[in-house]
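Atoms within each ligand, like the ligands themselves, are counted from 1 in listed order.
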Amino acid sequence: MKLSFRNNVVSLAAETPEERAICALLRAADCHIFQLHAATDRGMAFSEIGPEEDARRAPLNIVQSIAPSFAPISNLAHTPFELGGQHYASIEGFWQGLKRLDPVERRAMAKLWGGEAKGRGGSVDQPTEFVYEGVSITAGSPEHWALMRNACEAKFTQNSEAREALLATGERWLTHKVRRDSRTIPGVIMADIWMRIRSKIQEEVVTLR
Ligand SMILES: Nc1nc(O)c(N)c(N[C@@H]2O[C@H](COP(=O)(O)O)[C@@H](O)[C@H]2O)n1
C-alpha cells in the first residue's frame with residue numbers, strides 16, 4: 001500500500017490483490033465521512049461515521065425548493081390526503097382554506113397546492129376567529145396549530161411518498177425558515193410538528209419489526 005499526504009489529502013494506493021479487494025469493498029462508502037485515528041507514527045485507522053449529509057448533521061430547511069427527495073414534506077407539495085371526510089390536495093390548500101369563511105371557497109382552496117395555494121391564500125387575511133367543524137378557533141392559537149398538526153398527521157399517515165421523505169431525514173434537525181415568517185404558524189412550530197410526527201412514525205416502524 002502506498003501512502004501519501006499532500007494538500008490535506010491522505011491518499012492510499014492499493015498494490016496487492018488483497019488491498020484491491022478492500023478498495024472494491026470501500027466503493028460502497030464512496031463520499032462517506034471517516035474519522036482518522038493517528039495516535040502513533042506506525043500506522044493509522046479510519047472509522048466510518050456515515051454518509052456526508054447524515055454525518056454533518058446539518059439542519060434541513062423544509063421549503064418547497066428543497067432537494068426533490070425531501071420536497072414531499074413541504075406544505076406546498078401535492079400530497080393528497082383526507083381529513084374529517086374531506087379531500088385535500090396539499091397541506092397548503094387545507095391551511096389557506098381556513099382563511100375562507102365561505103364553505104364553497106374553503107373547498108375550492110382544498111383542491112390547490114404549490115404556489116397557487118400559497119398565493120391565493122396569501123391574498124386574504126386570516127380572520128381573527130373562524131369556525132372549523134363547528135368549533136370556533138382563534139387564529140394563531142394552539143388550537144389553530146393543532147389543526148395543522150392533525151392535517152400533517154393525516155398527510156404523513158396516508159401519503160406514502162411524504163412519509164418516506166420524512167423518514168429519510170433520519171435524525172436531522174428540521175427547520176422552516178422562509179422569507180417572511182407566518183404570524184399564525186411560525187416556522188419553529190411548523191418544524192416541531194414535522195419532527196414530532198417523524199418520531200411517532202419512527203416508533204411505529206420499530207414496533208412493526
Ligand atoms: N415561501 C414559502 N415557501 C414554502 O415552502 C412554504 N411552505 C411557505 N410557507 C407556508 O405558508 C403557510 C403559512 O402561511 P400564512 O402565514 O398562514 O399565510 C404554512 O403552510 C407555511 O408552511 N412559504
Name each donor-acceptor pair under 3.5 Å that joins a side chain in residues 117-136 to protein atoms two or more places apart or in another chain, with its distance.
{"residue": "Ser123", "atom": "OG", "partner": "Arg120", "partner atom": "O", "Å": "2.6"}
{"residue": "Glu129", "atom": "OE1", "partner": "Ser136", "partner atom": "OG", "Å": "3.1"}
{"residue": "Glu129", "atom": "OE2", "partner": "Thr138", "partner atom": "OG1", "Å": "2.8"}

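Taken to the nearest 0.5 Å, the OG1 atom of Thr175 stands 8.5 Å off from the CH2 atom of Trp194. A distance of 15.5 Å separates CZ in Arg163 from CZ in Arg198, rounded to the nearest 0.5 Å.
Applying the ring pair (Phe, Tyr, Trp, His ring centres under 6.0 Å) rule to Trp145 yields no partners; only residues at least two apart in sequence or on another chain are considered. For Thr157, there are no side chain to side chain donor-acceptor pair (under 3.5 Å) partners two or more places apart in sequence or in a different chain.
The 4.0 Å heavy-atom shell around ligand 1 contains residues Val63, Gln64, Ser74, Asn75, Leu76, Glu92, Trp95, Gln96, Lys99, Lys118, Met148, His176, Val178, Ser182, Thr184, Ile185, ordered by chain and number.
Contact check for Trp95 versus Met148: side-chain heavy atoms found under the 4.5 Å cut-off.
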